[in-house]
Trainee: 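One structure coming up, written as C-alpha cells, with questions to follow.
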Amino acid sequence: MEFIQFHPTGLYPLGILISEAARGEGAVLLNGPGERFMERYAPTIKDLAARDVVSRAILLEVRAGRGIAGKEYVHLDLSPVGEENIRDKLWEIASFARIYLGIDPVRQPIPVAPTCHYVMGGIPTDADGRVISDESGSVVAGIFAAGECACVFVHGANRLGCNSLLDLLVFGRRAGRAMRDEAPRVQTPASKADPVKAVGEDLADLHERRGQERIDTLRRRMQSLMMDHGSVFRTDAGLNVAIDGIRGLKEQFSRVAILDKGRTFNYELMEAVELRHQLDLCEVILTSALHRKESRGSHFREDFPARDDGAYLKHTLVFDRPSGPEVRYRDVSITRFQPEKRVY
Amino acid sequence: MPVNLKVFRYDPDKGEKPYFRSYQVEAEPSDRLLDCLNRIRWEQDPTLSFRMSCGHGVCGSDGMRINGICGLPCQKLVSVLGAGEVLVEPLPVFRVIKDLVVDLDPFFERYRSLKPYLITGTPVPEKERGQSPEEHGAFADAVRCILCACCTASCPVNQDKETDGYVGPAALVRAFRYLFDSRDDGSSARIDLLDRKEGAWGCRTLWKCTEVCPKQIPVTKEIGRIKKRMYGAKQEKT
C-alpha cells in the first residue's frame with residue numbers, strides 16, 4: 001500500500017487531472033523563469049518521463065523557488081499543440097481549463113501541480129480476482145476483488161498510463177468468469193457470528209454518537225498529514241510524525257458527533273464510515289512506506305533515494321493486528337522482464 | 001466573499017412539506033457552487049443531502065436546478081453566479097427522495113430500454129473491432145454524455161404530464177451513439193424502438209437539452225439525425 005501514484009499535472013489548485021495526452025501531443029512544462037525544466041531531469045525523454053519523475057521534478061522546482069510567481073505550481077503550455085489539435089484531441093482538458101480557471105489553453109498556459117491519482121496496492125488477489133490472505137497465496141474461498149480496490153501485482157510500484165484498463169477489462173472479466181464458474185461449488189466455512197448483525201450494530205453505534213469531534217475537521221487534518229509526509233517525498237522522520245498524527249485522529253474519531261439522525265440519504269453517517277476506513281488505510285500506507293527503506297517507483301524516500309533490490313524486491317503485505325498494522329513481505333514473480341536501472 | 005443560497009429542503013421521514021432554507025457561506029470567487037453546498041453540510045447543517053462524486057463534471061451525479069436552470073454545481077464557479085441569492089432546487093421531472101436527491105431509476109430504465117450497448121452480427125474477432133478516426137468522429141460528441149439527466153429534466157416534453165412517456169434526450173443521445181457507430185449491426189432493432197411517439201418523434205425540437213448540456217453535446221441535432229435516419233429507412237422499405 002506504500003505505492004501511491006501522483007500524477008504530475010493536476011489543474012492547480014483543484015487537482016483535476018490534465019491527462020498525459022496533453023504532453024503526448026506536444027505540450028511542455030515551464031517553471032517560473034519560463035525554462036523547460038524537464039530537460040534537466042530527463043534529458044532524452046523530457047516532459048514524457050514517468051509520472052513519479054515528473055512529479056518530483058515539479059516539486060523540486062517549487063522548492064527551489066522556481067514555481068510560477070514563487071507559488072506551488074508550474075505551467076503546462078499547450079500552445080505547441082495547436083488550436084485544431086486541442087479542439088479535436090484534448091476537448092475535455094481544454095474545457096476544464098475554461099470552466100475552472102477561465103483560461104483559454106490555446107493562448108494561456110495551464111497552472112498544474114502533482115495530484116494524487118492511483119493506488120497500486122489494494123486487496124491482494126490472484127490473476128482471477130480471488131482474494132489471497134498470506135505470503136504463500138492462500139485463497140479466501142468465495143471472496144473476489146477487481147478494479148482499483150484490488151492489487152493483482154501487475155502494476156508493481158508504478159502503474160503505466162492506460163494500464164488501469166487492465167484492472168477493468170482484463171482482471172474484471174477474469175474475476176467475473178471465475179465467480180461464475182466457482183459460485184455453485186464454493187464452500188464457505190460456517191461462521192458462528194452473524195456478520196450482517198455485527199455490521200448493523202456497529203453502524204447503529206456510530207449513528208448514535210454524540211461526541212464533540214467533527215468529521216470535517218478530522219478529515220482536513222488527515223489530508224494535511226498525508227500530503228505533508230506521505231505523498232511524493234517521504235522520510236523516516238516525516239512518516240513517524242504522520243503515523244503518530246493518524247493514530248491521534250483515530251483516537252479522536254471515537255468521540256465523533258453524528259448530528260444527522262435521519263435514515264434517508266444520510267451523507268454524514270456515510271462520510272463517518274468512510275473516514276474511519278480512510279484513517280485505517282492511512283496507517284497502513286504510512287507503515288508500509290516506513291518499512292520500505294529504499295526508493296522504487298512511486299515510493300520515494302529522501303533518506304534512501306536508491307533502489308535496493310537485494311532487500312526490497314518484494315511485495316508488502318499488511319496484516320491487521322491489535323497492536324497495529326504488521327508488515328510482512330511476499331516474493332515477486334519475475335518472468336520476461338528483469339528489473340533494470342531506469343535511465344532517461 | 002459571502003454567498004447566499006436558498007436551498008430546497010424535503011425530508012419524507014419527518015412528515016413535513018417541502019420548504020426553502022437560506023444559508024450564507026464564505027467562499028472564494030474561484031470556488032465551485034458544489035464547494036458551497038459541501039461547506040453548508042460540513043460546517044452548518046449536516047442534514048442537507050445531495051449526490052456528488054468526482055467534483056469536476058465527469059461522473060454526472062450532482063445534477064440539480066441552479067437559479068432555474070439545470071446544471072452541475074461542480075461546474076458553476078461562485079464568480080459566475082452573480083450577486084443575488086442562488087436558488088438551488090432538485091432536478092424537475094423526477095420524484096424527490098430527499099432535499100436535492102431525486103429518484104433516477106425511471107431515467108436509467110428508459111436509457112436501458114434503447115439498448116445502450118454494441119449489437120453485432122459477426123463473430124467476435126481475434127483482436128478488437130477496428131474503427132477509423134473518421135468513423136469514430138461520426139459520434140464522438142455523444143460519447144461525452146455523463147448521464148447527469150440535466151437534458152431530460154429540462155425538456156418541456158418530459159416536464160408535461162401529457163407527454164412524460166417520452167424516452168427523453170439523454171436516452172436518445174446514447175441511441176444516436178450506437179446507431180451511427182460503424183461497428184454496430186443493430187440499427188433495425190434500434191429503429192423499431194425509436195420510431196414511435198415516445199421515441200425520437202417525441203422530440204419537438206425545443207433545444208432546451210442542448211442549452212443545458214454540461215458537456216456541450218449537440219443533443220437536438222443528434223436527435224434530428226436519428227429522425228432523418230428513421231425517415232430514410234422508411235423510404236427504403238416503400
Side-chain angles (χ1 to χ4, degrees), chain A residues 10-19 84-85 87-103 111 115-117 165 169-170 173 206-207 209-210 213-221 223 256-272 274-275, chain B residues 9-14 16 28-35 37-58 71-72 74-80 90 96-103 128 133-134 136-137 140-141 143-144 146 213-217:
Chain A
L11 189 82
Y12 184 86
L14 289 168
I16 294 169
L17 184 70
I18 302 297
S19 128
E84 197 177 324
N85 264 343
R87 192 190 57 221
D88 292 346
K89 297 183 179 166
L90 305 173
W91 184 91
E92 194 153 56
I93 289 169
S95 86
F96 292 149
R98 249 190 346 260
I99 293 169
Y100 297 105
L101 298 172
I103 278 178
T115 183
C116 188
H117 185 56
L165 289 175
L169 298 175
V170 177
R173 190 179 198 205
L206 191 57
H207 199 177
R209 293 214 191 154
R210 291 172 192 276
E213 301 289 353
R214 302 290 296 127
I215 293 167
D216 180 46
T217 316
L218 300 184
R219 184 171 44 213
R220 280 173 206 270
R221 283 196 211 132
Q223 288 168 333
V256 81
I258 305 291
L259 303 177
D260 183 357
K261 299 299 178 191
R263 298 184 65 85
T264 306
F265 278 87
N266 187 330
Y267 284 96
E268 193 187 28
L269 180 61
M270 185 191 77
E271 289 191 359
E274 283 179 353
L275 179 62
Chain B
R9 300 300 311 268
Y10 170 63
D11 183 354
D13 295 344
K14 288 187 180 157
E16 60 194 13
E28 298 294 324
S30 59
D31 283 342
R32 298 159 284 199
L33 175 58
L34 183 68
D35 297 313
L37 292 170
N38 273 326
R39 225 158 273 159
I40 292 175
R41 211 158 55 75
W42 292 336
E43 295 164 10
Q44 299 181 30
D45 185 351
T47 67
L48 176 64
S49 299
F50 55 90
R51 290 194 181 100
M52 68 151 287
S53 184
C54 80
H56 66 291
V58 172
L72 308 179
C74 64
Q75 283 190 338
K76 297 275 179 287
L77 298 194
V78 166
S79 56
V80 302
V96 176
I97 298 174
K98 180 172 186 280
D99 301 334
L100 303 170
V101 179
V102 295
D103 180 7
E128 68 268 29
E134 290 71 31
H136 178 76
D141 285 339
V143 174
R144 290 203 298 265
I146 52 174
C213 178
K215 304 306 277 189
Q216 293 165 271
I217 299 170

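Source: prediction; values computed, not measured. Letters A, B, ... mirror the listed sequences (proteins, then strands); counts begin at 1.
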Trainee: For B:Val58, which atoms come within 4.5 Å of any heavy atom of chain A: side chain, backbone, both, or neither?
Mentor: side chain
Trainee: Out of A:Leu14, A:Leu11, A:Ile99, A:Ile16, which residue meets the side chain to side chain contact (heavy atoms under 4.5 Å, CB included) rule with B:His56?
Mentor: A:Ile16
Trainee: Give, for atom CG of A:Asn266 and atom OG of B:Ser49, the distance between the pair rounded to the nearest 0.5 Å.
Mentor: 7.0 Å
Trainee: Between the side chains of B:Gln216 and A:Trp91, is a donor N or O closer than 3.5 angstrom to an acceptor N or O?
Mentor: no
Trainee: Checking side chain to side chain contact (heavy atoms under 4.5 Å, CB included) between A:Phe265 and each of B:Ile97, B:Leu48, B:Thr47, which is the one that passes?
Mentor: B:Ile97
Trainee: A:Thr264 and side chain to side chain donor-acceptor pair (under 3.5 Å): which single residue from B:Asp13, B:Asp11, B:Asp99 fits?
Mentor: B:Asp13
Trainee: Checking heavy atoms, do the side chain of A:Tyr100, its backbone, both or neither come under 4.5 Å from chain B?
Mentor: both
Trainee: Can you establish whether the number of heavy atoms outside A:Arg173 located under 6.0 Å from its atom CZ is more than 12?
Mentor: no
Trainee: Identify which part of B:Arg144 has an atom lying under 4.5 Å from any heavy atom of chain A, answering side chain, backbone, both or neither.
Mentor: side chain
Trainee: Measure the CH2-CD distance between B:Trp42 and A:Glu271 for me, rounded to the nearest 0.5 Å.
Mentor: 6.0 Å
Trainee: Any salt bridge linking A:Arg214 with B:Glu43? Criterion: basic side-chain nitrogen under 4.0 Å from a carboxylate oxygen.
Mentor: no
Trainee: Taking atom CD of A:Glu84 as the centre, does the number of heavy atoms from other residues, nucleotides or ligands within less than 6.0 Å exceed 12?
Mentor: no
Trainee: In terms of heavy-atom pairs under 4.5 Å, which option from B:Lys98, B:Arg41, B:Lys14 contacts chain A the most?
Mentor: B:Arg41
Trainee: Side chain from CB out, backbone as N, CA, C, O: work out which of these in B:Lys215 comes under 4.5 Å of a heavy atom of chain A, or both, or neither.
Mentor: both
